[in-house]
Protein chains: 2
Amino acid sequence: MARWEPDASGRLTRAALELYAEHGYEQTTVADIAERAGVTERTYFRYFADKREVLFDASGALQELVVSAIASAPLTLSPIETIGVAMENAASLLQERREFARQRASVIATNPSLQERELLKLALLGAAAAEALRARGVREAAAALAAETGVMVFKIGFEKWVAEEESGDFPQHIRDALDDLRLLTAVT
Amino acid sequence: MARWEPDASGRLTRAALELYAEHGYEQTTVADIAERAGVTERTYFRYFADKREVLFDASGALQELVVSAIASAPLTLSPIETIGVAMENAASLLQERREFARQRASVIATNPSLQERELLKLALLGAAAAEALRARGVREAAAALAAETGVMVFKIGFEKWVAEEESGDFPQHIRDALDDLRLLTAVT
DNA sequence: GCTCTTGATGTCAGTTACTGTCATCAGCGT
DNA sequence: ACGCTGATGACAGTAACTGACATCAAGAGC
């Protein structure tokens, strides 16, 4: 524990990601994480609600980014275009932490209960995005549908981006997915 | 406990739904459920993997229905049309158990960890649907996107259907959502 | 310099979800 | 009758999580 990372929250996050990656999520106990971070188990639960939440600390910031991107988008954009721009912003943020995002994703991929939490966070992101669209005057049905569509292309774009060997362009994957969707839903 | 429901699995499901609805999910212990069903706690875990799974017993049947609907759909249908038909089939199945579905949904709505499990089951449904589309020759990108779109309209349609006072038409809600999506994504 | 407060942490006891292991017991074929 | 098998009970154990209280360091005000 040390000068280079003085706050307990950061040390816990780092310790958890390391241990989950090294020994597996199920094989790691909260006591293990707390010990590596130099605190007690009880303190862990003062920072994070449960054993999984330590991997999802950043989801709040992502959600705020999406909401403010929607709020500040030009009103000339359609709901889908608005949500597309917002999701591209979110993608750019993740892209800045590519290695962290990849390692985190690989841990989550190994455990269904972590996947559940990820899905819940995405659902909350969608709900917040829908709310932000409504605040712009988008009617209820369109807001929910556009927001869920945004989450969907974000998810699919993310999977493509993470799977790449070389560091590709995450926002571009989102644009691609939206274009594919337009083709799929186009009336023939 | 009695002749009308001789198998332990059915009694456990019934007991769990009752207790979750009456006293809340968190206030109910697995021991409570087992006791009402006339078995021990250990036996509960022989039938269901965890405390939540008892509410998701039917998800396997739903998934099989969707997969077989995709497999048996006319090859003239587009991927989106195929997935739409499959989801309408799933909706019809749920509609036959409307009261059960509504009560179950209201319990799930009260608890985030139950929502997580529901989201996971929907994700698994989407993955199975994508696989079924690929088996029809749909290329990877389109299969994933179409399957996720199907799950999305199913989810949105379900929320609308459950929210209704009178018993509406669930499959129709799915068609409506897909139509709305076509309008949203249409290039202007 | 000295309290006094406040926020963060440690300690400890307790509940409950979940698992492994073995004993029991009823039904069923031979 | 005998043994086999599948379902269940009984029991011990681990680990996630919570509530209550003690401690302790740092800063505010005097």
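Side chains included, hydrogens not; waters and symmetry mates left out as well; all remaining heavy atoms used. Each chain gets a letter, A, B and so on, in the order the sequences are listed, and its residues count up from 1.
Rounded to whole Å, atom P of D:dA16 lies 11 Å from atom CG of A:D50. Atom CG in A:L19 sits about 12 Å away from atom P in D:dA16, given to the nearest Å. Between B:Q27 atom CD and C:dA17 atom C1' there is a gap of 15 Å when expressed in whole angstrom units. The distance from atom CD of A:E35 to atom P of C:dT11 is 13 Å, rounded to the nearest whole Å. For B:D32 and C:dA17, the CG to P distance is 8 Å, given to the nearest whole Å. Between A:E26 atom CD and C:dG20 atom P the separation is 11 Å, expressed in whole Å. Rounded to whole angstrom, the span from the NZ atom of B:K51 across to the P atom of C:dT15 amounts to 16 Å. Put simply, CD on B:E53 is 16 Å from P on C:dA17, counting in whole angstrom units.
For A:K160, the salt bridge (charged side-chain N to carboxylate O under 4.0 Å, His left out) criterion is met by no residue, not counting sequence neighbours.
At a threshold of 4.5 Å between non-hydrogen side-chain atoms, the residues A:Q95 and A:D169 count as touching. Between A:V67 and A:E131, every side-chain heavy-atom pair lies at or beyond the 4.5 Å cut-off. In this structure, A:M87 and A:L178 have side chains that are not in contact, with every pair of non-hydrogen atoms separated by 4.5 Å or more. Here the side chains of B:L75 and B:R136 are in contact, with some heavy-atom distance below 4.5 Å.
Side-chain N or O atoms of A:E81 include one that pairs as donor or acceptor with a backbone N or O of A:S78 at under 3.5 Å. With hydrogens and angles ignored, the 3.5 Å screen pairs no side-chain donor or acceptor of A:R117 with any backbone N or O of A:F56.
Nucleic acid contact for B:S113: none, since no nucleic acid atom lies under 4.0 Å from a heavy atom of the residue. Contact annotation for A:Y44: no contact, since no heavy-atom pair falls under 4.0 Å across all strands.
Distance from the side chain of B:T40 is smallest to D:dA10 among C:dG10, D:dA10, D:dA16. The side chain of A:T29 sits closest to D:dA15 out of C:dA17, D:dT8, D:dA15.
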Quiz item: What string of B, S and - do you get for nucleotides 18-23 of chain D 5' to 3' if you count protein non-hydrogen atoms under 4.0 Å?
Solution: BBB---
